[in-house]
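Just below is one structure, and these are the notes that go with it.
The sequence lines fix the lettering, A, B, ..., with proteins before strands; numbering per chain opens at 1.
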2 protein chains.
Amino acid sequence: MTTARARNYAGLSADERRLARRERLIEGAIRAYGELGYRNTTVKAVCEAAGLTERYFYESFANSEALLVAAFETVSRRVFTCLEDVRREHGGSAEERGHAVLRAYYQILKDDQDGARLFVIEIARVGPAVDAVWGALLLQFGEVLAKMVAPDSDIKPKPGELVRAGVVGGVVQIAKEWIRSGYARSVDAVAADALKICRVLAA
Amino acid sequence: MTTARARNYAGLSADERRLARRERLIEGAIRAYGELGYRNTTVKAVCEAAGLTERYFYESFANSEALLVAAFETVSRRVFTCLEDVRREHGGSAEERGHAVLRAYYQILKDDQDGARLFVIEIARVGPAVDAVWGALLLQFGEVLAKMVAPDSDIKPKPGELVRAGVVGGVVQIAKEWIRSGYARSVDAVAADALKICRVLAA
DNA sequence: TTATTCTGACAATAGCACGTGTCAGAAAAC
DNA sequence: GTTTTCTGACACGTGCTATTGTCAGAATAA
């Protein structure tokens, strides 16, 4: 009875296989949520999109919301990494930097439309736990927007929290409407509109 | 067999009784949604809050969403009537008028907290039919905000639809945060913050 | 009073999806 | 080749809620 468990399959250890399945579930979820919306996506549907069965769902996630959060955070990480890079490495004025960051934001939403729907729309109002994740992200986003338009010689007038929340709400609402319109206008035009609202943070 | 139906009860005709029950259901729904949230509110719970039974629920509404919409529109009518009155009858500058309308908006949300939760939070992302109602309201709200800050000698620069959507999103997001905070700041301060964002429409 | 209509409580049905369990066959180890 | 572990398909029980149906009793009209 030598506990010879953890046999290799396809050259991968048990842990590696489990993580690979987890990734497949997350990618499948992003696609399934994008197509059906989170509400209409059953555990079974996600598993089919991932090419796996329910068995493996519960191997990696306690329930549907846990997968939703994991998928959201995957997209979120991609977006913020990109936005922070643009913001940090941009050499121009605060005005130009703001426009560049916003352009990057809306460009990502256009390039990955399933991810965009999850990141902007599907995440909202699912339940208390998920709402907390969304709320935290809005704060983080507010930070980025505030830094983005802050003059370099920044004396930190520190706009109120509500103003910052409002600006974030505006930027996100623009994204929602733009997505709903089928990405009717150009990324540049959308970013310019959003920048008008973000300037409130620079005053 | 004289179809002597429609007997009066408590001095009310059958139709009057039915409408009265409908009203009770709507008021019960506003309270129940405020306490539990729409998602956690069963048909049974609404009926208990209204002091009626499921039988009468289906007498007036096809399903839960129909009642949600009816309750939302009840609150919505109250709010818009008030906002339009303030806007129309205000004599000062565009700036002052804007502040007055916003103050009225946030004051209502504070005075009727159950209604506020329904009007701002619970209505969102319930389903396609309800989302359409919410989307229509945001447009209407955008109209009010745009008129509110428009200079009297208005040459209508007509801000883009996305900008307007963004401003509405900002004002609503401020409401959400304020509600979440337990109405921490004064109505006046909140309205002042919201006005900062609304000024984008006046440019 | 007597007959009729209305009302409220509750039972019964049905549907949906979660979460778990089973099991035969595939893939690796020996 | 034999044994053991892993994998995928699927069935099952469970719980929750909407929605319909039933029925005894209250309120009203005659």
Side chain to side chain, A:Arg199 and A:Val149, heavy atoms closer than 4.5 Å: no
Near-strand residues of residues 19-54 of chain B, defined as heavy-atom separation under 4.0 angstrom from DNA chain D: B:Thr42, B:Val43
Pairing residues for A:Glu96 by the salt bridge (charged side-chain N to carboxylate O under 4.0 Å, His left out) criterion, not counting sequence neighbours: none
Set of residues satisfying ring-ring contact (aromatic ring centres under 6.0 Å, His included) with respect to B:Tyr56, sequence neighbours excluded: none
Check: B:Tyr106 ring centre within less than 6.0 Å of B:Tyr183 ring centre: no
Distance in Å, A:Cys198 SG paired with A:His99 NE2, rounded so as to fall on 0.5 Å steps: 10.5 Å
Nucleic acid contacts of residues 57-64 of chain B, taken as heavy-atom distances under 4.0 Å to DNA chain C: none
Integer-rounded Å distance: D:dT7 C1' and A:Arg18 CZ: 16 Å
Contacts of type side-chain contact (heavy atoms from CB on, under 4.5 Å), residue B:Ala184, not counting sequence neighbours: B:Ser181
Distances under 3.5 Å between nitrogen or oxygen atoms of protein and nucleotides 26-29 of chain D:
unit_1	atom_1	unit_2	atom_2	d
D:dA27	N3	B:Tyr9	OH	2.9
D:dT28	OP1	B:Ala10	N	3.2
D:dT28	O3'	B:Asn8	O	3.3
D:dT28	O2	B:Arg7	NH1	2.6

Atom-pair distance (CD on B:Glu16; C1' on C:dC6), nearest Å: 16 Å
Contacts of B:Glu35 that satisfy side-chain contact (heavy atoms from CB on, under 4.5 Å) - sequence neighbours left out: none
Any B:Ile108 side-chain heavy atom under 4.5 Å of B:Arg78 side chain: no
Any B:Leu201 side-chain heavy atom under 4.5 Å of B:Met148 side chain: no
Five-pair end axes of the helix from C:dT1-D:dA30 to C:dC30-D:dG1 and the angle they enclose, rounded to 10°: 0°
Summary of ring-ring contact (aromatic ring centres under 6.0 Å, His included) pairs that have at least one residue in residues 17-44 of chain B, sequence neighbours excluded: B:Tyr33-B:Tyr38
Pairs meeting criterion salt bridge (Lys or Arg N to Asp or Glu O under 4.0 Å) with involvement of residues 48-76 of chain B, two or more places apart: B:Arg21-B:Glu59
C:dG21 OP1/OP2 closer than 4.0 Å to side-chain N/O of A:Arg55: no
Sequence-distant partners of A:Arg180, side-chain contact (heavy atoms from CB on, under 4.5 Å), two or more places apart: A:Glu177
With sequence neighbours excluded, residues passing ring-ring contact (aromatic ring centres under 6.0 Å, His included) with A:Phe80: none
